[in-house]
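Please read the structure below before turning to the comments.
Start at 1 and go down the list; that is how both ligands and their atoms are numbered.
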Amino acid sequence: MKIALIGNQNSGKTTTFNALTGSNQYVGNWPGVTVEKKEGRIKGHNDVILTDLPGIYSLSAYSPEEKVSRQYIFTEKPDGIINLVDGSNLERNLFLTTQLLELGIPMVIAFNFNDIVEKHGDLIDFAKLEKALHVKVIQVSALKKVGVEKVADTIIDAIKNGERPEPLHPFSGTVEHALAHIEEAVLHSLDRSKQRWFSVKLFERDAETIESLNVSPETLSHIEEDIKAAENEAGDDSKSIITTERFNYISSLLKSVYIKRNAPKLTTSDKIDRIVTNKWLALPIFAAVIFIVYYISISTIGTFLTDFVNDTVFGEWIIPNVSSFLENRGVTAWLQSLITDGIIAGVGAVLGFVPQMMTLFLLLSVLEECGYMSRIAFILDRIFRHFGLSGKSFIPMLIGTGCGVPGIMAARPIENESDRRMTIMTTTFMPCSAKLPVISLIAGSFFSESSFVAPSAYFLGIASVIISGIMLKKTSMFRTMPSPFVLELPNYHLPSAYAIIKTTWDRTWSFIKRAGSVILLSTIAVWLLSSFGVVNGSFRMLTEAEREMSILSYIGRAISWLFIPLGWGEWRMGVATFLGLIAKENIVSSLGVLYGFAEIAENGEEMWRTLKTAFTPIQGYSFLAFNLLCAPCVAAIGAIKREMNSPKWTLGAIGYQCLYAWCIACIINNIGALITSGTFTGWTIISFAIIALMIFMLVRPYKKMEERI
Ligand code: GDP
Ligand code: MG
């Protein structure tokens, strides 16, 4: 006999599993994935094998956990299910329960965490709950090992007696109508208790189910009529209809079984949340927090340290000493140049920003550790959903502020395929840590008086995600409604110093390591290609004045014309942007080599003065915006390719990012120039046209979904 433990994450499955099996367990992995598999024999029932399935929130098949669970149910065919339910998060837990009940497999609910429910002063009417769900509900405390044996005995009895749960609750009229037609057309040969699950899945157009049942195209187009009819009536896609109706059913059920006896006692965490996640205050507080974090790390403490490293450590100690050392040893001129103008100028330019990055990493990890970051996800979910975007998109964005690669991968749990694709496309708009040096560089060399530039990069990222989301949602490729997002807010707690220092150090160290590897190699390549060229028919090392004829300048000019409307169509900037595709830190390191970071002014300051004199602040910001928003580095492009799993979508994503970046930078440069110096050109007109087009894309109505918006 095989029994499966199924439930949400942290509902107490493993605790129950351990209580029931004792030491009779084997731990391994599910085939093909790194998800832990635990099996064991139930104490006192040696013929019963219990499996601890991974924690899931729904029976769709998007995350590896869900895939494993679903596969287990359909290929291993357990005889019974123990559904662990966390009573203190009933709404979310019952969402899975409603799906499990449709499987037609004997089942029992182990109602855990009742101690927490009681602590809140609430009460559950178990008799009513049992009656409504048509399955036995048994109170357990997995932690105290209370009631777990009763659960085992009950499910074993239910299996022996062949008690199968009744199909649970009716959906709305048109949905039931469609389900009945589907059952009649496709599922008539199946056992009645198994039909519900398959008819719902077919209604949701679940590809896996269609394939496993081998439904013929004629039958499919036949049932499609019923699905379409239900969709038209609800003004929503079939998947969302089912999800919404499940949640509606659960909340009406909870009204009658969940008795809030006392007003819940507010914990300190709750009190903080009342302010921090307040409808009106949440956004200003969020903006202020991000502003302060960036202000401290990029504009005050961080800058102080960075200036020290740049001006004193590099400017006064390293560069002069290394130069005189090399000169005294009589090292050949080209090697001297490679070391000072190449390696130190390039790698040094990147390393110079380490203090700022460390400060930023430190502050961000404090926010993560204390629990505020999950609040940001919660706050932004409300805003995103307002625009028809999935709140789940924010988790990838949050991770993307560290590095785009795990950010893109974090989009996996998003169930809706088009939402997932859109999240992958927009996640890298967020400034990842490799983009920070560029932000700092532009903020420092062009906007020394303003503290708004650095945080503005973060907000530009969020705004771009939202703007792109709204525009793309209105195209036919992305037209679906977001699935509801359930997020648990952990309590606030004092961050542990160890965890903060460890995260900060890990991130800083990986940044430094990259400076010593990819960036170092790219820097040497930049120096070589920019120091050699053909002059008067002979190939040789160039003098400073001849740089315009270097090999690199030709490469740069081949692409830099694209950036003329953006205000920085100059070969050095083109090269930096292009090399940014290898690693975003390369932008700063190549500018360091090409604009002479290692050349010190008389007073040892203003390392970036050449850059500052070559461009206006508007042009500098346009450069920043383009590089923040355009295609990410190759590592992230690789991640996009893997996650999209389609060359067409990968190219589409990269193309969209570059086009969007170009349009925004074009607007910034030309409208900015119009405002600051009254310059009016053909590009100003084009910029206005782009703005008009974007506004049109933003405000035009959602087709088909109007009712919901
Ligand atoms: P799983 O993710 O479903 O395997 O959940 P675990 O069995 O790992 O349990 C998650 C956490 O909840 C653990 O820290 C348990 O000690 C705790 N826990 C389990 N059951 C109860 C309970 O009935 N009451 C309380 N307060 N905590 C519990
Ligand atoms: Mg577990």
Side-chain angles (χ1 to χ4, degrees), residues 2-30 33-43 49-59 63-73 78 80-97 99-100 107-124 126 129 136-152 154-155 258 264-265 267 269-270 371 374 413 486-491 493 496 499:
K2 283 190 289 194
I3 296 177
L5 270 173
I6 309 184
N8 285 187
Q9 229 159 358
N10 289 325
S11 55
K13 292 180 303 301
T14 305
T15 319
T16 307
F17 177 82
N18 290 340
L20 280 175
T21 59
S23 53
N24 298 323
Q25 36 174 280
Y26 349 97
V27 182
N29 265 357
W30 294 94
V33 282
T34 54
V35 176
E36 189 180 75
K37 174 178 190 173
K38 274 183 142 184
E39 278 189 329
R41 287 174 195 278
I42 296 184
K43 278 188 283 186
I49 293 181
L50 187 66
T51 307
D52 183 12
L53 287 176
I56 51 173
Y57 297 110
S58 134
L59 269 186
S63 66
E65 287 79 11
E66 289 172 357
K67 281 203 183 100
V68 162
S69 302
R70 203 164 140 173
Q71 183 141 24
Y72 179 83
I73 291 170
I81 293 174
I82 299 176
N83 177 208
L84 251 289
V85 164
D86 169 357
S88 62
N89 279 304
L90 261 187
E91 188 167 38
R92 192 188 69 195
N93 277 257
L94 288 181
F95 183 68
L96 177 66
T97 306
Q99 299 176 40
L100 294 175
M107 177 167 140
V108 56
I109 292 178
F111 192 100
N112 201 16
F113 284 91
N114 202 29
D115 51 329
I116 305 287
V117 177
E118 285 172 354
K119 211 174 105 193
H120 288 163
D122 299 339
L123 206 64
I124 308 281
F126 284 101
L129 183 64
K136 296 229 166 65
V137 179
I138 295 164
Q139 278 190 67
V140 298
S141 170
L143 204 56
K144 296 189 190 125
K145 304 194 185 183
V146 178
V148 287
E149 271 135 37
K150 190 171 168 205
V151 170
T154 311
I155 185 66
Y258 198 98
K265 281 194 211 85
T267 61
S269 238
D270 294 335
S374 352
V486 257
L487 181 85
E488 200 177 351
L489 293 182
N491 281 340
H493 54 90
S496 99

Any protein heavy-atom neighbour for atom 14 (O) of ligand 1 (distance below 4.0 angstrom)?
no
Within the structure, does at least one protein heavy atom fall under 4.0 Å of atom 11 (C) of ligand 1?
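There is no protein heavy atom less than 4.0 Å from atom 11 (C) of ligand 1.
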Using a 4.0 Å cutoff against the non-hydrogen atoms of Asn10, which atoms of ligand 1 qualify?
1 (P), 2 (O), 3 (O), 5 (O), 10 (C)
Residue Ser141 vicinity, atoms of ligand 1 by number, heavy atom under 4.0 Å
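Selected atoms, number and element: 23 (O).
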Separation of Thr21 OG1 from Tyr26 OH (nearest 0.5 Å)
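Rounded to the nearest 0.5 Å, the OH-OG1 separation comes out at 9.5 Å.
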Which atom of [X] lies closest to which atom of [Y], heavy atoms considered:
| X | Y | value |
| --- | --- | --- |
| Ser141 | Asn112 | CA-OD1, 3.6 Å |
| Ser11 | Phe113 | O-CE1, 3.5 Å |
| Leu84 | Asn93 | O-OD1, 4.0 Å |

State if Gly55 counts as touching ligand 1 under the rule of any non-hydrogen atom under 4.0 Å.
no
Check whether any heavy atom of Gly7 sits under 4.0 Å from an atom of ligand 1.
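It does not; every heavy atom stays at 4.0 Å or beyond.
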Any N/O/S of Gln9 under 2.8 Å from the Mg ion (ligand 2)?
no
Side-chain contact, heavy-atom cut-off 4.5 Å: Thr16 with Ile82?
no
Tyr258 vs Glu91 side-chain heavy atoms within contact, under 4.5 Å
no
Classify the contact between Thr14 and ligand 1 as side chain, backbone, both or neither, using a heavy-atom distance cut-off of under 4.0 Å.
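Contact part for Thr14 vs ligand 1: both backbone and side chain.
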Given that the side chain starts at C-beta and the backbone is N, CA, C, O, which of these parts of Asn8 lies under 4.0 Å from ligand 1, counting heavy atoms, or is it both or neither?
backbone
Lys13 side chain to Asn8 main-chain N or O, any donor-acceptor pair under 3.5 Å?
yes
Taking the side chain from Asn83 and the backbone from Ile6, do they hold a donor-acceptor pair closer than 3.5 Å?
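Yes; judged by distance alone, with no hydrogens or angles, the pair exists.
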Look at [atom] and say which protein heavy atom is nearest, naming residue and atom and giving the distance to 0.1 Å.
| atom | result |
| --- | --- |
| atom 18 (N) of ligand 1 | Phe113 CZ, 3.6 Å |
| atom 6 (P) of ligand 1 | Thr15 OG1, 3.4 Å |
| atom 16 (O) of ligand 1 | Leu143 CD1, 3.0 Å |
| atom 26 (N) of ligand 1 | Asp115 OD2, 3.0 Å |
| atom 23 (O) of ligand 1 | Asn112 OD1, 2.7 Å |

Taking N or O atoms only and a 3.5 Å limit, does [X] qualify as a polar contact for ligand 1?
| X | answer |
| --- | --- |
| Gln9 | no |
| Lys13 | yes |
| Gly12 | yes |

